[in-house]
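Worksheet for the structure shown next.
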Amino acid sequence: MPIEFLGIAATNDGSETRARSGPSFDKDYTLRLARAHEDNGWDRILFAYHSGSPDPATVAAFIATELDRLQLLLAHRPNVSAPTHAAKVVATLDQLSAGRVNVHIITGGSTADQAAEGDHLPKDERYDRTGEYIRILKQAWTSREPFDFEGAHYRLENFVSDVWPVQQPRPQVSFGGSSAAAYAIGAAESDIYALWGEPLADTAEQIATITDAALAAGRPSRPRIQVAFRPILGATEELAWAKAERILGRIEGRTQALSAQLGDLRSPENAGSQRLLSIADRGDRFDRALWTKVSAASGGRGNSNALVGTPETVAAALLDYIDLGVDIISARGYDYVDDTIDFGRYVIPLVREEVARRDAAAAAESAESTGVASEKEPGRVAA
């Protein structure tokens with residue numbers, strides 16, 4: 001199966017290594033970064049969500065009208081709008097983009113950031129609400145007849161949309177989380193389950209948990225798996241690690257400044273960040289290229305574990321995850337535009353070529369096996 005690559009649709013040039021140089025929504029930079037993805041082999045970009053950030057749906061609409069091929073992933077929190085409204089927004093964007101929009105549902109890992117927009121539900125109840133939200137989205141996109149919904153968080157009577165997605169039967173829904181409540185809801189309802197990059201053994205364990213939860217929910221198979229990393233590339237291993245150390249120093253300085261404003265970043269609330277910090281406590285390096293120091297320096301916030309090395313090393317590391325069953329690679333560097341171009345030029349082709357080679361070899365082996373079996377099958381005696 002072809003592997004997919006997901007990048008980031010940042011609206012300004014700020015990152016963990018530096019403060020932004022302009023406004024929160026820099027229109028020219030946003031388009032420049034999106035075009036860097038489209039021109040360098042990426043499949044899709046994520047329009048992220050934060051309580052104070054520019055509206056991702058509006059930014060996605062802007063990019064959809066400017067670029068023709070790049071696919072879009074819209075992050076959305078259930079607390080900010082009714083599911084019927086979100087269904088219409090996504091369907092309209094899917095029409096605008098000629099079928100290029102999926103949605104990433106964020107339950108909310110920070111109670112403080114949820115409260116900033118008036119959401120005071122406890123975490124496990126937020127996951128219950130997310131499950132209802134996703135079910136309503138799916139029905140709103142696919143039902144041509146009015147329907148009712150009765151749940152703990154939503155009650156709909158006689159709703160039917162008049163705008164339909166281009167994609168059939170509907171856009172895909174992705175979801176992330178590493179708590180027991182998250183596994184239960186995401187495995188049951190999502191099309192794509194998003195994980196942050198962890199060591200191979202830990203990722204395999206998470207995939208097994210998601211698979212078991214999906215089967216327990218009555219699904220015939222698990223969601224597709226997405227894993228996220230921060231690539232740090234160099235022409236040689238030595239240059240890559242020297243670059244990594246420079247990035248670490250900038251992250252440490254930036255985190256110190258942010259901690260003065262936001263408090264201790266080493267005590268995250270969400271289970272995913274707690275997992276990343278726990279892994280960092282176990283060691284700095286894992287497997288071929290996984291490096292945890294950058295994650296520890298940033299407090300385990302979001303996608304923060306790095307893959308460090310030459311393009312060949314990082315590609316080989318990604319193939320190890322693909323061997324575990326990963327379907328989608330999410331990646332972003334620290335200098336968004338330049339790192340997007342480098343990763344697209346030097347890593348993505350290596351991974352795609354090897355995946356295609358393996359698929360072709362497997363198909364040939366299957367055909368040969370089928371042919372041998374057919375030759376050995378005894379002839380049938382006529383009645």
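All values below were derived from every heavy atom in this structure, side-chain atoms included, with hydrogens, water molecules and symmetry-related copies excluded. Numbers here simply count residues along the sequence, with the first being 1.
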Could you check whether [Y] and [X], counting side-chain N and O atoms only, form a donor-acceptor pair closer than 3.5 Å?
X	Y	value
Thr310	Thr313	yes
Gln206	Tyr183	yes
Thr209	Asp212	no

Spell out, yes or no, whether [X] and [Y] are grouped together once hydrophobic residues are joined by side-chain heavy atoms under 4.5 Å, including indirect joins.
X	Y	result
Ile207	Ile328	no
Val347	Val308	no
Ile225	Ile3	yes
Ile232	Ile348	no
Val101	Leu46	no

Is there a side-chain contact (heavy atoms from CB on, under 4.5 Å) between Ile8 and Ile45? Walk through the geometry before answering.
CA-CA 5 Å; Ile8 189 68; Ile45 53 174; over 6 Å; no

May I have the step-by-step check of side-chain contact (heavy atoms from CB on, under 4.5 Å) for Trp141 and Ser161, ending in yes or no?
CA-CA 8 Å; Trp141 288 328; Ser161 178; over 6 Å; no

Are the side chain of [X] and the backbone N or O of [Y] linked by a donor-acceptor pair below 3.5 Å?
X	Y	value
Thr65	Phe62	yes
Asn305	Gly197	yes
Arg219	Ala187	yes
Arg100	Ala64	yes
Gln167	Asp94	no
Asp284	Lys293	no
Asn102	Gln172	yes
Arg285	Leu290	no
Glu237	Gly234	no
Glu132	Tyr154	yes

Can you tell whether the side chains of [X] and [Y] come within less than 4.0 Å, N to carboxylate O?
X	Y	value
Asp327	Arg222	yes
Glu16	Arg254	no
Arg69	Asp43	no
Asp202	Arg282	yes
Glu125	Lys123	no

Closest heavy-atom contact between [X] and [Y]?
X	Y	answer
Ala87	Leu137	N-CD2, 3.5 Å
Pro223	Ala214	CD-CB, 4.1 Å
Tyr127	Ser179	CE1-OG, 3.7 Å
Asp26	Tyr29	OD1-N, 3.0 Å
Gly344	Pro349	O-CD, 3.1 Å
Ala75	Tyr49	CB-N, 3.9 Å

If you measure from [atom1] on [X] to [atom2] on [Y], what distance do you get to the nearest 0.5 Å?
X	Y	atom1	atom2	answer
Arg345	Asp39	CZ	CG	9.5 Å
Gln226	Arg44	CD	CZ	9.5 Å
Arg129	His153	CZ	NE2	7.0 Å
Asp339	Ser15	CG	OG	9.0 Å
Ser24	Asn12	OG	CG	5.5 Å
Tyr133	Ile185	OH	CD1	15.5 Å

Does Arg230 make a cation-pi contact with Tyr334, if we ask for NZ or CZ under 6.0 Å from the ring centre and within 45° of the axis?
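Ring-cation test returns yes.
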
Would one find more than 12 heavy atoms of other residues, nucleotides or ligands at under 6.0 Å from atom [atom1] of [X]?
X	atom1	result
Gln168	CD	yes
Asp148	CG	yes
Phe25	CZ	yes
Arg358	CZ	yes

Do Phe229 and Tyr321 make the cut of ring centroids closer than 6.0 angstrom?
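When the ring centroids of Phe229 and Tyr321 are compared, they turn out to be within the sub-6.0 Å range.
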
Side chain to side chain donor-acceptor pair (under 3.5 Å) between Thr58 and Asp55: does it pass, once the steps are laid out?
CA-CA 6 Å; Thr58 307; Asp55 175 53; 2.5 Å; yes

With salt bridge (Lys or Arg N to Asp or Glu O under 4.0 Å) as the test, would you mind laying out the steps for Arg155 and Glu157 before giving the verdict?
CA-CA 7 Å; Arg155 180 180 176 184; Glu157 296 180 4; 3.4 Å; yes

Do Leu319 and Val355 come close enough that some side-chain heavy atom pair is under 4.5 Å?
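Counting from C-beta outward, Leu319 and Val355 do come under 4.5 Å.
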
Residues in ring pair (Phe, Tyr, Trp, His ring centres under 6.0 Å) contact with Trp42, at least two apart in sequence or another chain
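If we apply the ring pair (Phe, Tyr, Trp, His ring centres under 6.0 Å) test to Trp42, skipping adjacent residues, the hits are His37, Phe343.
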
Would you please test Phe47 and Ile63 for side-chain contact (heavy atoms from CB on, under 4.5 Å) and show each step?
CA-CA 10 Å; Phe47 297 81; Ile63 295 301; 3.9 Å; yes

Residue of the set Ile106, Asn79, Thr107 for which side chain to side chain contact (heavy atoms under 4.5 Å, CB included) holds with Thr130:
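That would be Thr107; it is the only one of Ile106, Asn79, Thr107 passing the side chain to side chain contact (heavy atoms under 4.5 Å, CB included) with Thr130.
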
May I have the step-by-step check of side-chain contact (heavy atoms from CB on, under 4.5 Å) for Ser81 and His76, ending in yes or no?
CA-CA 9 Å; Ser81 73; His76 182 75; 3.2 Å; yes

Take Asn270 and Ser273 through the test side chain to side chain donor-acceptor pair (under 3.5 Å) and record every step on the way to the result.
CA-CA 6 Å; Asn270 63 300; Ser273 292; 3.1 Å; yes

Pairs satisfying salt bridge (charged side-chain N to carboxylate O under 4.0 Å, His left out), at least one member in residues 305-321, at least two apart:
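Every pair satisfying salt bridge (charged side-chain N to carboxylate O under 4.0 Å, His left out) with a residue in residues 305-321: Arg288-Asp320.
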
Can you pull the salt bridge (charged side-chain N to carboxylate O under 4.0 Å, His left out) pairs that have at least one residue in residues 163-182, sequence neighbours excluded?
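As it turns out, the salt bridge (charged side-chain N to carboxylate O under 4.0 Å, His left out) pairs with a partner in residues 163-182, which skip direct neighbours, are Arg170-Asp191.
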
Could you go step by step and tell me if Glu38 and Arg35 meet the salt bridge (Lys or Arg N to Asp or Glu O under 4.0 Å) rule?
CA-CA 5 Å; Glu38 182 169 86; Arg35 184 168 283 125; 5.8 Å; no

